[in-house]
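Inspection log for the structure reproduced underneath, given as structure tokens.
For ligands, and for the atoms within them, numbers begin at 1 and follow the listed sequence.
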Amino acid sequence: MSADGLALAPPPGARPDWTIDQDWAGYTASEHEVWLTLYQRQIELLPGRACEPFLRGLETLDLHRAGIPDFARINEELRRLTGWSVVAVPGLVPDEVFFEHLANRRFPAGRFIRKPEQLDYLQEPDVFHDVFGHVPMLTDPVFADYMQAYGQGGRRAQGLGRLTNLARLYWYTVEFGLLQTPAGLRIYGAGIVSSRAESLFAVEDPSPNRIAFDLERVMRTPYRIDDFQQVYFVIPSLEALLDASQQDFAPIYARLQDLPDIPIAAILDEDQVLTRGTQAYAKGRPQ
Ligand code: HBI
Ligand code: FE
């Protein structure tokens, strides 16, 4: 169901589960070139900034050699490692379709790639964001289980009317999560690792708050979709994230019903603050 309650039909040419053929042979040389440009930019930044499981996954899947990866090829390795696979979709799919795929260890990925003039930002998730950003972490067995748990939890949250809370969890972990390691802060969120500017901003900029992950705290915090985040939540380990997802969310949702949202840049007395941000970047931007 979409927000207005109408069931959305897949676009012409898509299957009932919204998947399409990747049609890898149909990519043009200039589309492969866009992938390689983006890949090269990120690989120069990510050692020492992205977490080890991400960098290992990137290497294992060999995501650079032929430009845009052939899903059939990466799926052989991915299935062997964690039982996940990547399926092509036309773009954003309805929430319940998205959850159904994740619950079955299938990651829906856009097949299209951004235009050369959109290297730094686009609204819809393309194949670079989805495959470069998300798929390496799916080679990690713990993260792989977390993503499936999110898919399973999605349907439940919809039924309980608390999808807004669960979507914030996805946003601040899967998309914009940071991980504390003995070597320092590292990125695991796909929205960060697939963006040149945010890969630097999230780890090094003095502007954003960086706060220790707390499930309920995260679920009460709205997010920005159109600019760098004003707050990042830092997990101590992927295991801790998976653990947090393996509890009954119904009592948490019930509590959240009576609690106000937390303003995006607020710091609470009970927060464990890693970086108290200046918010200088956000103050200079339209709200
Ligand atoms: N569809 N293709 C795609 N990718 C997403 O990340 C995505 C989606 N549909 C819904 C959705 N994300 C989110 O709104 C849910 O996780 C809440
Ligand atoms: Fe994403």
Side-chain angles (χ1 to χ4, degrees), residues 1-4 6-11 14-22 38 42 50 54 57 63 71 84-114 118 121-138 143-144 146-178 187-195 198-199 202 218-219 221-229 232 241 245 249 253 256:
M1 298 280 209
S2 60
D4 58 9
L6 297 170
L8 272 175
R15 301 179 190 94
D17 69 356
W18 286 65
T19 61
I20 56 176
D21 288 330
Q22 185 194 9
L38 291 165
Q42 290 314 99
F54 177 87
L63 285 184
F71 295 176
W84 273 79
S85 62
V86 180
V87 292
V89 291
L92 283 173
V93 299
D95 291 336
E96 72 271 29
V97 174
F98 188 64
F99 298 142
E100 181 68 17
H101 283 300
L102 297 185
N104 290 286
R105 291 174 102 89
R106 292 186 301 265
F107 189 78
R111 81 161 292 285
F112 76 99
I113 192 151
R114 66 197 73 182
Q118 300 172 302
Y121 182 75
L122 82 170
Q123 192 102 22
E124 285 245 314
D126 73 341
V127 65
F128 187 77
H129 168 80
D130 279 336
V131 174
F132 182 93
H134 284 282
V135 175
M137 288 304 292
L138 294 174
F143 192 83
Y146 174 70
M147 281 290 274
Q148 180 177 24
Y150 178 78
Q152 292 162 339
R155 290 175 289 192
R156 183 113 193 277
Q158 275 186 316
L160 296 168
R162 304 308 299 181
L163 189 53
T164 303
N165 299 119
L166 190 73
R168 290 169 180 170
L169 177 64
Y170 188 86
W171 190 264
Y172 283 118
T173 61
V174 175
E175 295 292 353
F176 292 96
L178 295 177
I187 309 162
Y188 71 94
I192 308 176
V193 286
S194 60
S195 157
E198 198 149 358
S199 293
V218 168
M219 285 186 167
T221 310
Y223 54 81
R224 307 188 63 141
I225 60 163
D226 58 343
D227 209 334
F228 297 150
Q229 300 306 302
Y232 297 92
L241 180 61
S245 76
F249 282 7
Y253 293 144
L256 293 178

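Close contacts between ligand 1 and V93 involve ligand atoms 1 (N), 2 (N), 3 (C), 8 (C), 9 (N), 10 (C) [criterion: under 4.0 Å to a heavy atom]. Residue D95 has at least one heavy-atom neighbour below 4.0 Å for each of these atoms of ligand 1: 10 (C), 11 (C), 13 (C), 14 (O), 15 (C), 17 (C). Close contacts between ligand 1 and G91 involve ligand atoms 2 (N) [criterion: under 4.0 Å to a heavy atom]. Numbered from 1 in the order shown, with element, the atoms of ligand 1 that lie under 4.0 Å from a heavy atom of Y150 read 15 (C), 16 (O), 17 (C).
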Problem set entry | Derivation of the side-chain hydrogen bond (donor to acceptor under 3.5 Å, both in side chains) call for R111 and Q22 | CA-CA 6 Å; R111 81 161 292 285; Q22 185 194 9; over 6 Å; no
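Distance check for E175 against the Fe ion (ligand 2): an N/O/S atom falls below 2.8 Å.
Residue, atom and distance of the protein heavy atom nearest to atom 5 (C) of ligand 1 are F98 CE1, 3.3 Å.
Taking the ring centroids of Y170 and Y146, they lie at or beyond the 6.0 Å cut-off.
H134 contributes atom NE2 as its closest N/O/S atom to the Fe ion (ligand 2).
Inter-residue side-chain proximity for R105 and S85 is flagged as unmet; no heavy-atom pair is nearer than 4.5 Å.
Between atom OH of residue Y232 and atom CD of residue E198 there is a gap of 3.5 Å, rounded to the nearest 0.5 Å.
Using bins of under 30°, 30° to 60° and over 60° for the plane-to-plane angle, the ring pair F98/Y150 lands in the perpendicular bin.
Under the 4.0 Å criterion applied to side-chain N and carboxylate O atoms, D21 and R15 are assigned as salt-bridge partners.
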